2 protein chains.
Amino acid sequence: MSVDPLRHIPEATVNRLPLYLRALVEAAEGKHPTISSERLAERAGVNAAKVRKDLSFLGSYGTRGVGYDVEGLLFQIRTELGLTQDWPVVIVGVGNLGHALANYRGFGARGFEIVGLVDNDPSKIGEEVAGVEVRPLEELGDVVSGTSPAIGIIATPAAVAQDVADRLVAAGVSSILNFAPTVLSVPSNVSVRKVDLAIELQVLSFYNQRQSETGAAAG
Amino acid sequence: MSVDPLRHIPEATVNRLPLYLRALVEAAEGKHPTISSERLAERAGVNAAKVRKDLSFLGSYGTRGVGYDVEGLLFQIRTELGLTQDWPVVIVGVGNLGHALANYRGFGARGFEIVGLVDNDPSKIGEEVAGVEVRPLEELGDVVSGTSPAIGIIATPAAVAQDVADRLVAAGVSSILNFAPTVLSVPSNVSVRKVDLAIELQVLSFYNQRQSETGAAAG
DNA sequence: AGATGTGAAGCGGTTCACAGCT
DNA sequence: AGCTGTGAACCGCTTCACATCT
């Protein structure tokens, strides 16, 4: 059924496809039906050569002398990213962060549907957040069973994150977004991405320090 | 005053120093005063060769046949990352995410101090979040003036993020952590890192799709 | 003329493998 | 004997530069 057998798309390219997608969505609101690699690059914050190389991995969807057809390329990238279907998402941990994530407008709009909120704090069970009822951690399996492979979001303290990850994997979740500041070990067929506030701040601290050193007295 | 003139530390290494820092903090709670690259690698989720190469950029702080002195290396990495001083942080945008960030325990604990919460919604001004009063966007300059170069966190909608970035830069902020789904342009002496939920989900969607394709019928 | 698509060169980062130190 | 520190090989990604097509 696939249009093209699984080409190999470099990881670095996959990471940028969402940038192009966003840039194209914006461009689609404008009046030009096509866009050049130059302009697409500008909107996505990368350089034009990279755009052309990246898009060439998807196949040839541009026209020489003209540019890329915005709508056509949008469809192509959405298909490539698997955004033509809705993915079920389960959020584990309904603290401050879990709340903020659940209320994030952009799940539904972008093809992700929150099918479950789960927590292990009895006082939170039954509470309704963003229109979804919080259920006990033990019911994780029920929450994601029968759906397409779900995406799990870990928004718990670090201490329980590995346990949660194990449960997610056992429940059949095949991708995990980890907000807990800890290294997770999962089977190799499960994808994990992490978002770690402390790391981001510490890296910025490094450059901040360099900045103030070089900016300071040159004697 | 610097112990060593600015060596060049590769970006990839800088990005991993926080991982080593965390692993070392955990190791320091154990009973071994030293740790091998092998064990440090395991805790940080990388491989041993990388650990040794990375640490070699900081200088020689290991002992052959023994390993690295945990406390010594902790100090060294903290110094390198600029975590021996407190950095002021200002959060712009006090919506769901801003709230969650402000309440994040780990700012103070890790050497970051929230010196300001700022929003442009009049109904939020004066509200107190995590012990800090929300002030109008216009007062951004006052909030960060007189401090060391601050770190700005953008937790606003995408539409106003560039304006906020411009104001942060004008106020003297030298590093920005951007949670808004948009490309920012800033002067080259300002560091920007971004955290983008939609991108993370879309990348996971890509691998999720690959997973279900290859996992499905092989006919 | 104008912009894509792509070999080839260049670059940074990872991994190997072992010399060197304790 | 054990583990670090590091040159060298390797690998993937980025950038260049231009042939190719509309």
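Every value quoted in this text rests on a predicted model; they were computed, and no experiment measured them. Below, chain A is the first sequence line, B the second, and so on; all start at residue 1.
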Open item on the list: If I take atom CZ in residue B/Phe57 and atom P in nucleotide D/dG7, what distance separates them, rounded to the nearest angstrom?
Closed with: 10 Å

Task: Below 4.0 Å: OP1/OP2 of C/dT14 and any side-chain N or O of B/Asn47 - done: no

- [ ] Examine D/dC3: is either OP1 or OP2 under 4.0 Å from a nitrogen or oxygen in the side chain of B/Ser36? Give yes or no.
- [x] no

Task: C/dG2 base / A/Arg64 side chain donor-acceptor hit below 3.5 Å - done: no

Open item on the list: Under 4.0 Å between a side-chain nitrogen and a carboxylate oxygen: does that hold for A/Arg110 and A/Asp86?
Closed with: no

Task: Rounded distance (Å) that lies between atom P of C/dA19 and atom CZ of B/Arg52 - done: 15 Å

Open item on the list: So A/Ser60, base contact, sugar-phosphate only, or nothing? Heavy-atom distance under 4.0 Å.
Closed with: sugar-phosphate

Open item on the list: Less than 4.0 angstrom between a side-chain N/O of B/Ser37 and OP1 or OP2 of D/dC3, yes or no?
Closed with: no

Task: Out of C/dT14, C/dT4, C/dT6, whichever nucleotide has its closest atom nearest the side chain of A/Tyr68 - done: C/dT4

Open item on the list: I need the CG-P distance between A/Asp69 and C/dT4, as an integer number of Å.
Closed with: 13 Å

Task: Touch class at under 4.0 angstrom, heavy-atom based, for A/Glu38 against every strand present - done: nothing

- [ ] Look at the side chain of B/Gln209 and the backbone N and O of A/Glu80, then say whether any donor-acceptor pair between them is shorter than 3.5 Å.
- [x] yes

Task: Options D/dT6, C/dT22, C/dT15, nucleotide nearest the side-chain atoms of B/Thr63 - done: C/dT22

Open item on the list: Can you tell whether the side chains of B/Arg52 and B/Glu38 come within less than 4.0 Å, N to carboxylate O?
Closed with: no

Open item on the list: What is the separation between atom CZ on B/Arg16 and atom C1' on C/dT15, rounded to the nearest whole Å?
Closed with: 12 Å

Task: Atom pair distance, as rounded to whole Å: CG in B/Leu55 and C1' in D/dG5 - done: 11 Å

- [ ] Could you tell me whether A/Phe57 atom CZ has more than 12 heavy atoms of other residues or ligands within 6.0 Å of it?
- [x] yes

Task: Whole angstrom value for the distance that separates P of C/dA19 from NZ of B/Lys53 - done: 16 Å

Task: Of the listed nucleotides C/dT6, D/dT4, C/dG13, the one nearest the side chain of B/Pro10 - done: C/dG13

Open item on the list: Rounded to whole Å, please give me the gap between NZ in A/Lys50 and C1' in D/dG12.
Closed with: 13 Å

Task: Length of the line joining A/Asp54:CG and D/dG12:P, which is rounded to integer Å - done: 16 Å

TODO: For the pair A/Thr13 (side chain) and A/Asp54 (backbone), establish whether a donor and an acceptor sit closer than 3.5 Å, ignoring hydrogens and angles.
DONE: no

Task: Touch class at under 4.0 angstrom, heavy-atom based, for B/Arg39 against every strand present - done: nothing

